[in-house]
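Let me begin by presenting the structure, written as structure tokens, before commenting on it.
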Amino acid sequence: MSNYDIEHSHGMHVVHDGPRQAPPLLLIHGSGASGAFWNPVVPALAGHHHVIRVDLPGCGQSPPAPSYDVPAQAAQVAALLDDLGLRHVAAVGHSSGGYVATALAEQRPDLVGSLALISSGPRPDALLRQPFILRVLLAPPLGPLLWSRRSDAMIRRGISATAARPVDLPDDVVADVRGITYRVMRTVLRRNTAYIAERSVPERLAALEVPVLVIFGAADPRWEPSSAHQYDAVPNARVELLPGVGHLPMVEAPETTSELLLGFTATTADSPTMIPEA
């Protein structure tokens with residue numbers, strides 16, 4: 001796999017893979033992550049799609065932003081898609097990236113042809129007691145002190161604690177996580193909670209006329225796996241639970257995740273996908 005284009009647009013680091021004339025597929029990472037977390041599934045997806053990966057503001061290689069509200073982040077993604085001249089994009093979000101994808105569809109239904117949410121908790125009460133290492137790193141009094149002193153090994157342990165299977169975490173993934181500040185991480189988590197507390201994700205999706213795929217690890221240690229079935233109430237939604245998989249399906253089970261995404265986009269393809277140039 002080779003990246004054919006890397007750019008910075010609207011305050012975000014953006015990576016493109018696959019032929020630009022192919023149907024567009026937008027990948028949005030979750031909290032404390034970056035676009036590099038999608039690396040295991042990109043080769044398969046780029047064989048069929050123009051894959052667009054963003055580092056959300058303050059994450060990965062993107063600079064901080066004035067606001068980390070979910071709708072504000074969605075507006076930045078919308079501006080990027082407008083600049084690229086894309087419409088009817090298949091938007092895929094992992095964890096809280098699913099909230100940004102949902103907000104994007106709420107704000108700009110013309111931009112989103114289908115939605116796939118991976119490990120996106122539906123509402124605050126579905127959140128489980130978090131793994132010990134994450135509680136230590138993210139909460140006072142130790143969190144602010146330890147965060148800036150995290151070793152590569154500690155970052156790997158923190159990410160692995162959200163998985164149910166052994167995961168290979170390349171150095172670029174670890175470096176992207178290291179670049180996220182404690183303040184940004186805490187702010188993003190608060191804004192994400194506010195978004196789903198105001199209105200649950202299934203309720204938001206039910207108001208949208210868009211096909212939805214929900215992928216959840218049946219062994220997710222962050223969100224109650226059975227909460228995935230709250231999405232059953234969404235019209236045009238399909239829920240897939242992956243046995244033995246935790247919070248990171250695209251890293252823990254990339255082949256299965258790619259197959260599900262490609263099968264979904266093949267059945268929900270829409271056109272045209274680009275706005276003709278004047």
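As the structure is a prediction and not an experimental result, all values here were calculated from the model.
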>> Just verifying a value: how many Å separate E259 CD and E240 CD, rounded to the nearest 0.5 Å?
In response: 11.0 Å

> So, do T257 and W38 sit near enough that their side-chain heavy atoms are less than 4.5 Å apart?
Replying inline: no

>> To the nearest 0.5 Å, what is the distance between CZ on R87 and CG on D82?
In response: 4.5 Å

>> Once rounded to the nearest 0.5 Å, what's the spacing between atom CG of L84 and atom CZ of R20?
In response: 6.0 Å

>> For a quick test of reading the model, state the closest non-hydrogen atom pair linking P24 to L86 and the distance between them.
In response: CB-CD1, 3.9 Å

> Between L138 and Y182, what is the shortest heavy-atom contact and its length?
Replying inline: O-OH, 3.1 Å

>> How long is the straight-line distance from NE2 of H94 back to NE2 of H29, given to the nearest 0.5 Å?
In response: 11.5 Å

> Do the side chain of R178 and the main chain of R150 share a donor and acceptor less than 3.5 angstrom apart?
Replying inline: yes

> Should the pair D152-R157 be classified as a salt bridge under the 4.0 Å nitrogen-to-oxygen rule?
Replying inline: no

> Side chains of D172 and N39: does their closest heavy-atom pair fall under 4.5 Å?
Replying inline: yes

> If only atom types and distance count, is the side chain of Q130 paired as donor or acceptor with the main-chain N or O of L128 below 3.5 Å?
Replying inline: yes

> Does some side-chain heavy atom of L262 sit less than 4.5 Å from a side-chain heavy atom of H49?
Replying inline: yes

>> Under the criterion side chain to side chain contact (heavy atoms under 4.5 Å, CB included), I'd like the reasoning laid out for D17 against R53: C-alpha separation, chi angles, the key distance, then a yes or no.
In response: CA-CA 8 Å; D17 290 276; R53 283 181 285 167; 3.0 Å; yes

> Is there a path from L260 to M250 through hydrophobic residues (I, L, V, M, F, W, Y) whose side chains come within less than 4.5 Å of each other?
Replying inline: yes

> Do you know the tightest heavy-atom contact between Y195 and R204?
Replying inline: O-NH2, 2.8 Å

> In the single-linkage hydrophobic clustering (I, L, V, M, F, W, Y; side-chain heavy atoms under 4.5 Å), do W223 and L205 co-cluster?
Replying inline: yes

> Can L104 and L81 be said to form a side chain to side chain contact (heavy atoms under 4.5 Å, CB included), step by step?
Replying inline: CA-CA 11 Å; L104 175 66; L81 295 178; 4.0 Å; yes

> If we only count heavy atoms from C-beta on, is the S258 to H48 side-chain gap below 4.5 Å?
Replying inline: no

> Between H247 and D220, is there a donor-acceptor pair closer than 3.5 Å when you use the side chain of the first and the backbone of the second?
Replying inline: no

>> Closer than 4.0 angstrom, basic N to acidic O: yes or no for R156 and D168?
In response: no

>> The criterion is side chain to side chain contact (heavy atoms under 4.5 Å, CB included); which residues satisfy it with S120, sequence neighbours excluded?
In response: Y99, L117, Y231

> When rounded to the nearest 0.5 angstrom, what is the spacing between OG in S160 and CD in E252?
Replying inline: 9.0 Å

>> Can you confirm whether L261 sits close enough to I215 that some side-chain heavy atom of one is under 4.5 Å from a side-chain heavy atom of the other?
In response: yes

> With the 4.5 Å side-chain cut-off for hydrophobic clustering, are L189 and I155 part of the same group?
Replying inline: no

> When clusters are formed by joining ILVMFWY residues with side-chain heavy atoms under 4.5 Å apart, either directly or through shared neighbours, do V188 and L27 land in the same one?
Replying inline: no

Cut-off 3.5 Å, no hydrogens considered: what does the side-chain donor-acceptor table look like for residues 69-77, sequence neighbours left out?
| unit_1 | atom_1 | unit_2 | atom_2 | d |
| --- | --- | --- | --- | --- |
| D69 | OD1 | R191 | NE | 2.9 |
| Q73 | NE2 | Y68 | O | 3.1 |
| Q76 | NE2 | H10 | O | 2.9 |

> Do L142 and F132 sit in the same hydrophobic cluster, where Ile, Leu, Val, Met, Phe, Trp and Tyr count as joined when their side-chain heavy atoms come under 4.5 Å apart?
Replying inline: yes

> Within the side chain of S227, is there an N or O that forms a donor-acceptor pair under 3.5 Å with the backbone of E224?
Replying inline: yes

> How about L248 and I159: do any of their side-chain heavy atoms sit closer than 4.5 Å?
Replying inline: yes

>> Check D110 with R108, please: is the shortest side-chain N to carboxylate O separation under 4.0 Å?
In response: yes

>> Quick one, V89 with L111, criterion side chain to side chain contact (heavy atoms under 4.5 Å, CB included). Give me CA distance, side-chain angles, the key distance, then yes/no.
In response: CA-CA 6 Å; V89 171; L111 295 181; 5.7 Å; no

> For A101 and A91, which heavy atoms make the closest approach, and how far apart are they?
Replying inline: CB-CB, 4.3 Å

> If you take all heavy atoms of A90 and T265, which pair is closest and at what distance?
Replying inline: CB-CG2, 3.9 Å

>> Quick one: does any side-chain atom of D83 pair with a main-chain N or O of L80 as donor and acceptor, under 3.5 Å?
In response: no

> Can you tell me how far CD of E203 sits from CD of E198, rounded to the nearest 0.5 angstrom?
Replying inline: 9.5 Å

> Sub-3.5 Å donor-acceptor pair from the side chain of S200 to the main-chain atoms of R123, do we have one?
Replying inline: no

> Any donor-acceptor pair under 3.5 Å linking the side chain of S62 with the backbone of D55?
Replying inline: yes

>> I want to check something: taking the side chain as every heavy atom from C-beta on, are S95 and R222 in contact at a cut-off of under 4.5 Å?
In response: yes

>> Tell me if a side-chain donor or acceptor on S96 pairs with a main-chain N or O of S31 at a distance below 3.5 Å.
In response: yes

>> Given 3.5 Å as the limit, does a donor-acceptor pair link the side chain of W147 with the main chain of R183, or not?
In response: no

> Would V214 and D232 count as a side chain to side chain contact (heavy atoms under 4.5 Å, CB included) if you check the C-alpha gap in whole Å, the side-chain angles of each, and the deciding distance to 0.1 Å?
Replying inline: CA-CA 9 Å; V214 174; D232 289 336; over 6 Å; no

> Do you know the tightest heavy-atom contact between P249 and I118?
Replying inline: CG-CG2, 3.6 Å

